[in-house]
Amino acid sequence: MKLEEIKNGIILKETKDFDPVHIFECGQCFRWIKEDDGSYTGVAKGKVINVKKDGENIVIDNTNKEEFENIWYDYFDLGRDYTSLKKELAQHDENLKKAVDFGWGIRILQQDSWEMLISFIISSNNRIPMIQRAINNISEKYGKEIGEYRGRKYFAFPSPEELSKASIEELRECKTGFRDKYIYHTNKMVIEENLNMEDFIEMDSEVCHKELMKFKGVGAKVADCIALFGMRKYDSFPVDVWVKRVMQEFYGAEDMSLPKMRKYGMELFGEKAGFAQQYLFYYVRELEIGK
DNA sequence: TGTCAGGTCCTCA
DNA sequence: TGAGGACCTGAC
């Protein structure tokens with residue numbers, strides 16, 4: 001990958017397997033908003049940046065070379081060879097090949113484990129715009145102000161200590177709905193047991209999943225999402241309504257319960273189940289297959 | 001007005 | 001174990 005420094009930003013030259021639309025619209029993140037020019041502005045790691053595709057190049061604004069190497073290279077999972085990963089998945093079966101071809105520019109972001117924990121608790125039985133709004137409300141109210149970009153203020157996601165200042169009622173005011181108490185109790189548990197969510201990254205996948213389910217508001221599906229997007233457990237297989245449809249439409253799992261479907265998906269795609277799930281999810285949701 | 005959305009929790013058999 | 005209902009919220 002060739003990198004060129006420009007004024008207040010960088011250009012990644014001839015970057016394959018990277019499409020901002022696929023990456024930011026495939027359901028893994030909630031803090032990236034589409035600008036009028038088609039670029040995406042988002043908050044991560046306490047910074048605000050803007051990402052856009054310019055032909056074969058990816059332009060990242062409001063950053064520099066040092067920051068890219070220290071932060072964004074890992075965040076965008078640029079150390080992984082998605083070309084060979086996709087090739088391998090495409091060989092698995094015809095449907096997965098179609099899904100991979102469709103969402104060719106997806107990459108699984110390495111996001112913050114604590115932020116993923118709270119974000120996916122909010123995601124349960126919720127809609128994406130509502131989830132985004134609740135997370136923004138929480139960040140504005142309890143997170144640190146990062147700065148301004150294109151005339152808009154941005155806030156970091158609050159730390160467990162910062163968020164612990166919120167009461168259940170105040171969390172409800174952030175439009176989290178009935179998940180207010182889940183967030184409150186989860187936050188409380190993290191503080192009281194002095195947990196560092198980063199430690200979950202080192203855990204074995206099954207242990208990690210089991211430990212995550214101990215938090216209020218975290219069931220099997222939410223635990224899989226947190227593990228996959230925040231803890232690099234790439235063998236996770238989150239089964240939501242869309243993946244359920246995929247498994248029924250494409251993989252003959254008509255009469256399977258959700259736990260069985262999860263297990264089946266993990267067996268089917270093995271250590272790359274999380275990637276398979278992302279391509280399949282994006283494919284069926286965009287095309288509304290099986291709805 | 002009723003239904004539904006990226007599920008989880010609680011209750012009861 | 002597993003099925004069934006309740007649940008914030010707001011868009012259609």
Side-chain angles (χ1 to χ4, degrees), chain A residues 21-33 99 102-103 106 108-109 111 115-138 141 166-189 209-231 233 236-250 253-265 273-291:
Chain A
V21 176
H22 296 171
I23 291 171
F24 300 127
E25 306 280 355
C26 76
Q28 62 178 325
C29 52
F30 303 108
R31 304 208 64 195
W32 290 88
I33 50 165
F102 181 79
I106 290 175
I108 295 189
L109 301 171
Q111 301 182 79
E115 183 176 337
M116 291 301 100
L117 173 62
I118 301 302
S119 298
F120 279 96
I121 286 176
I122 295 170
S123 81
S124 82
N125 196 11
N126 209 347
R127 291 164 189 264
I128 291 173
M130 293 294 140
I131 303 166
Q132 290 172 326
R133 200 171 71 157
I135 295 171
N136 274 329
N137 289 341
I138 285 176
K141 202 162 174 191
S167 65
I168 296 182
E169 292 71 26
E170 287 167 327
L171 288 167
R172 174 69 63 100
E173 284 165 17
C174 292
K175 299 294 172 190
T176 54
F178 60 84
R179 309 156 197 86
D180 55 357
K181 52 193 178 297
Y182 300 158
I183 298 168
Y184 182 82
H185 289 298
T186 292
N187 196 158
K188 201 173 170 202
M189 192 166 148
H209 192 259
K210 221 168 137 184
E211 289 299 310
L212 283 171
M213 298 248 300
K214 289 181 180 171
F215 293 109
K216 277 272 182 293
V218 179
K221 187 267 173 182
V222 166
D224 276 321
C225 285
I226 299 165
L228 177 59
F229 303 131
M231 293 156 184
K233 304 298 178 223
S236 302
F237 194 74
V239 181
D240 55 45
V241 288
W242 291 103
V243 175
K244 183 181 165 192
R245 288 172 193 149
V246 171
M247 296 306 281
Q248 292 172 332
E249 288 273 324
F250 296 163
E254 284 86 0
D255 305 316
M256 228 177 255
S257 67
L258 255 36
K260 279 193 178 152
M261 232 177 243
R262 170 176 185 266
K263 194 159 170 278
Y264 181 45
F275 294 103
Q277 191 269 4
Q278 270 309 277
Y279 290 110
L280 288 168
F281 172 82
Y282 184 66
Y283 180 54
V284 293
R285 200 192 58 181
E286 292 296 306
L287 272 52
E288 300 201 327
I289 290 169
K291 194 177 177 183

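All values derive from a computational prediction rather than experimental measurement.
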Q. Counting side-chain heavy atoms from C-beta on, which of dT8(B), dC8(C), dG10(C) comes nearest to Y182(A)?
A. dT8(B)
Q. Which whole-number value in Å describes the distance from I226(A) CD1 to dG7(B) P?
A. 14 Å
Q. Hey, does L228(A) have a side-chain heavy atom less than 4.5 Å from the side chain of I108(A)?
A. yes
Q.
For the P atoms, the ones on dA6(C) and on dG2(B), what distance do you get once it is rounded to whole angstrom?
A. 14 Å
Q.
Please report the interatomic distance CZ(F30(A)) to CD(Q132(A)), rounded to the nearest 0.5 Å.
A. 7.5 Å
Q | Nearest to side-chain heavy atoms of K181(A), which nucleotide of dC8(C), dG7(B), dG6(B) | A | dC8(C)
Q: Specify the separation, in whole Å, of atom CZ of R133(A) and atom P of dA5(B).
A: 19 Å
(Q) Regarding K221(A), tell me which of base, sugar-phosphate or nothing describes its non-hydrogen contacts under 4.0 Å with the strands shown. (A) base
(Q) By the 4.0 Å heavy-atom rule, please label Y282(A) as base, sugar-phosphate, or nothing. (A) nothing
Q.
Taking any heavy-atom pair under 4.0 Å as a contact, classify I128(A): base, sugar-phosphate, or nothing.
A. base
(Q) In this structure, how many angstroms lie between the P atom of dC8(C) and the OH atom of Y184(A), rounded? (A) 18 Å
Q | Base dC8(C) to side chain R179(A), donor-acceptor N/O within 3.5 Å cut-off | A | yes
**Q.** Who pairs with dG6(B) - Watson-Crick or G-U, where each distance is under 3.5 Å
**A.** none
Q) How long is the line joining NE2 of H185(A) and P of dC9(B), in whole Å? A) 12 Å
Q.
Can you confirm if the aromatic rings of F120(A) and F229(A) lie within a centre distance of less than 6.0 Å?
A. yes
Q.
For a quick check of understanding: with a heavy-atom distance under 4.0 Å over all strands, which category does V243(A) fall into, base, sugar-phosphate or nothing?
A. nothing
Q.
Measuring from the side chain of R127(A) (C-beta onward, heavy atoms only), which nucleotide among dC7(C), dG6(B), dC4(B) has the closest atom?
A. dC4(B)
Q. Across the strands shown, which category fits R285(A) at heavy-atom distances under 4.0 angstrom: base, sugar-phosphate, nothing?
A. base
Q) Looking only at heavy atoms, what is the nearest atom pair of G217(A) and I121(A), with distance? A) O-CG1, 4.0 Å
**Q.** Nearest listed nucleotide, side chain of K175(A), among dT9(C), dG6(B), dG7(B)
**A.** dT9(C)
Q.
I need the CE-P distance between M261(A) and dG6(B), as an integer number of Å.
A. 17 Å
Q. Relative to each other, are the rings of Y282(A) and F102(A) parallel, tilted or perpendicular (30° and 60° limits)?
A. tilted
Q. How would you label the contact of G217(A) with the nucleic acid (heavy atoms, under 4.0 Å): base, sugar-phosphate, or nothing?
A. sugar-phosphate
Q: Report the distance from atom CG of D180(A) to atom C1' of dT9(C), rounded to the nearest whole Å.
A: 12 Å
Q: Ignoring the backbone of F120(A), work out which of dC7(C), dG6(B), dT8(B) is nearest its side chain.
A: dG6(B)
(Q) Taking the nucleotide of DNA chain B with the nearest heavy atom to each, does V218(A) or D240(A) sit closer to the 5' end? (A) D240(A)
Q.
Please report the distance separating the P of dC10(B) from the corresponding atom of dC8(C), rounded so that it comes out in whole Å.
A. 13 Å
(Q) By the 4.0 Å heavy-atom rule, please label G219(A) as base, sugar-phosphate, or nothing. (A) sugar-phosphate
**Q.** Rounded distance (Å) that lies between atom P of dC8(C) and atom CD of E173(A)
**A.** 15 Å
Q) Is E169(A) paired with R172(A) through a side-chain N to carboxylate O contact shorter than 4.0 Å? A) no
Q: Report the nucleotide, chosen from dC8(C), dG6(B), dG10(C), that has the shortest atom-to-atom distance to any side-chain atom of F178(A).
A: dC8(C)
Q: Between dC4(B), dC8(C), dG6(B), spot the one nearest the side chain of N125(A), thanks.
A: dC8(C)
Q | Other residues, nucleotides, ligands: >12 heavy atoms within 6.0 Å of K181(A) NZ | A | yes
Q | Length of the CE-C1' vector between M256(A) and dG2(C), whole Å | A | 17 Å
